[in-house]
Amino acid sequence: YLLFLNSDDWLFEEVLWQVKTQIEAHPKHDIYAGGIRSIYANGSQIDAFPHGKWPTSMPAFQPAAFVNRQVFSNSTLFPLNFRIAADFVWFKQQQLEGSSFYYFNTLITNYSTDGLSSNDTARVQEMAKALKHLGFTWLTRLIWLNRMRFQLWWKQLIG
């Protein structure tokens, strides 16, 4: 299994044993996905778990997903023309192509929010391009964009 951990992120203690137990208890999935704890510069923290239930939702968080290396033998690698959304595009392609995801309620990674993807404007612009690249309709992209605008407005409002 492969895990792509960013240079400024780190795993929770003993989490590899927990993941091993989950994989052994639920074998034959392509991707095993857990949660991340986002750590902000002001010290606040938010725990998040992927679900991939909605067309535009993240199927897995790259630094908290264990991918069977056989999946990489059967697919393309992360698309290099996306600097921020490459992981979204790759995981969404896997989901659309029928890869099997197993979700477990375990925090895997402490995720630093100081990187490139922390720029909300750049992230939203690239995600819009990624959705178009993946073939989502203009209406789906418009609904997603309005939801993101609302979330960013709300984030600014509550500080």
Side-chain angles (χ1 to χ4, degrees), residues 1-40 45-120 122-136 140-141 143-145 147-148 151-152:
Y1 292 91
L2 300 171
L3 169 75
F4 295 95
L5 192 63
N6 301 314
S7 63
D8 56 349
D9 301 339
W10 66 98
L11 298 174
F12 279 88
E13 288 187 37
E14 305 294 325
V15 76
L16 294 178
W17 290 110
Q18 295 172 30
V19 170
K20 178 183 180 283
T21 302
Q22 290 288 337
I23 292 173
E24 289 173 344
H26 306 280
K28 300 188 181 186
H29 291 281
D30 298 312
I31 299 167
Y32 294 85
I36 58 172
R37 174 166 290 156
S38 296
I39 301 174
Y40 295 88
Q45 302 176 357
I46 297 176
D47 296 344
F49 293 87
H51 54 74
K53 293 176 186 175
W54 303 314
T56 58
S57 64
M58 187 73 165
F61 299 125
Q62 167 235 310
F66 293 82
V67 180
N68 186 319
R69 69 186 160 129
Q70 203 53 34
V71 172
F72 284 99
S73 299
N74 301 330
S75 73
T76 59
L77 300 176
F78 288 89
L80 299 179
N81 54 326
F82 292 99
R83 293 187 65 213
I84 299 172
D87 56 342
F88 171 77
V89 170
W90 190 85
F91 281 113
K92 188 54 79 172
Q93 284 176 329
Q94 297 313 305
Q95 185 182 44
L96 294 171
E97 292 171 7
S99 289
S100 172
F101 286 75
Y102 180 78
Y103 298 100
F104 47 93
N105 193 24
T106 302
L107 286 170
I108 305 294
T109 304
N110 291 286
Y111 172 73
S112 172
T113 61
D114 291 333
L116 179 63
S117 62
S118 64
N119 180 319
D120 290 331
R123 187 179 75 251
V124 168
Q125 288 174 346
E126 186 155 309
M127 283 294 294
K129 290 176 186 173
L131 292 172
K132 185 174 184 177
H133 169 82
L134 289 164
F136 285 95
T140 301
R141 296 191 320 262
I143 291 168
W144 174 84
L145 183 59
R147 184 172 58 94
M148 291 306 299
Q151 287 177 353
L152 294 175

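Heavy-atom basis, side chains included; hydrogens, waters and symmetry copies ignored. These figures come from a predicted structure and were not determined experimentally.
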Is the Tyr32 ring parallel, tilted or perpendicular to the Tyr1 ring (thresholds 30°, 60°)? perpendicular
Among Gln95, His29, Lys28, which residue satisfies the side chain to side chain donor-acceptor pair (under 3.5 Å) criterion with Ser100? His29
For the student: nearest non-hydrogen atoms of Met127 and Ala85, plus distance: SD-CB, 3.7 Å
Closest non-hydrogen atoms of Phe91 and Ala65, given as atom of the first, atom of the second and distance, are CZ-CB, 3.7 Å
Please check: side-chain N/O of Thr113 versus main-chain N/O of Ile39, any donor-acceptor pairing under 3.5 Å? yes
Within-4.5 Å side-chain heavy-atom neighbours: Tyr102 and Ile23: no
Could you tell me if the side chain of Val15 sits less than 4.5 Å from the side chain of Leu107, heavy atoms only? no
Just so I know, are the side chains of Gln94 and Val67 near enough to count as touching, which here means a heavy-atom distance under 4.5 Å? no
Test item: side-chain donor near acceptor, Gln62 and Asn6, under 3.5 Å: yes
Which atom names give the shortest non-hydrogen contact between Ile108 and Gly34, and what distance separates them? CG1-CA, 3.7 Å
Which value, rounded to the nearest 0.5 Å, describes the distance between Gln18 atom CD and Thr106 atom OG1? 5.0 Å
Over all heavy atoms of both residues, which pair between Pro63 and Ile36 is shortest? Give the atoms and the distance, please. CG-CG2, 4.4 Å
Hey, mind stepping through Ile46 and Tyr111 against side chain to side chain contact (heavy atoms under 4.5 Å, CB included) and telling me if it holds? CA-CA 10 Å; Ile46 297 176; Tyr111 172 73; over 6 Å; no
For the aromatic rings, using the six-membered ring if either is Trp, is the centroid distance between Phe82 and His133 under 6.0 Å? yes
For the CG atom of Leu2 and the CD1 atom of Ile31, what is their distance to the nearest 0.5 Å? 10.5 Å
Between CD on residue Gln93 and CZ on residue Phe88, distance to nearest 0.5 Å: 10.0 Å
Could you tell me the separation between the CD1 atom of Ile143 and the CE atom of Met148, rounded to the nearest 0.5 Å? 14.5 Å
Taking the side chain as every heavy atom from C-beta outward, state whether Leu3 and Leu11 have any atom pair closer than 4.5 Å. yes
Please tell me if the side chains of Asp87 and Met58 come closer than 4.5 Å, counting only heavy atoms from C-beta onward. yes
Give the ring-plane orientation class for Phe4 versus Phe72, where under 30° counts as parallel, over 60° as perpendicular and anything between as tilted. perpendicular
Using atom types as modelled and distance alone, determine if a side-chain donor or acceptor of Ser99 lies under 3.5 Å from a backbone N or O of Asp30. no
With a 4.5 Å limit on heavy-atom distance, are the side chains of Leu131 and Thr140 in contact? no
Nearest-0.5 Å distance that lies between atom CZ in Phe104 and atom NE2 in His26: 9.5 Å
Considering all heavy atoms of both residues, which atom of Ser112 and which atom of Asp9 are nearest to each other, and what is their separation? N-OD1, 2.9 Å
Specify the closest pair of heavy atoms between Ala33 and Pro50, including all atoms of both residues, with the distance to one decimal. CB-CG, 4.0 Å
Can you tell me if Arg141 uses its side chain to pair, donor with acceptor, with the backbone of Phe136 under 3.5 Å? yes
Please tell me if the side chains of Phe12 and Arg37 come closer than 4.5 Å, counting only heavy atoms from C-beta onward. yes
Is the backbone of Ala60 close enough, under 3.5 Å, to the side chain of Tyr103 for a donor and an acceptor to pair up by distance? no
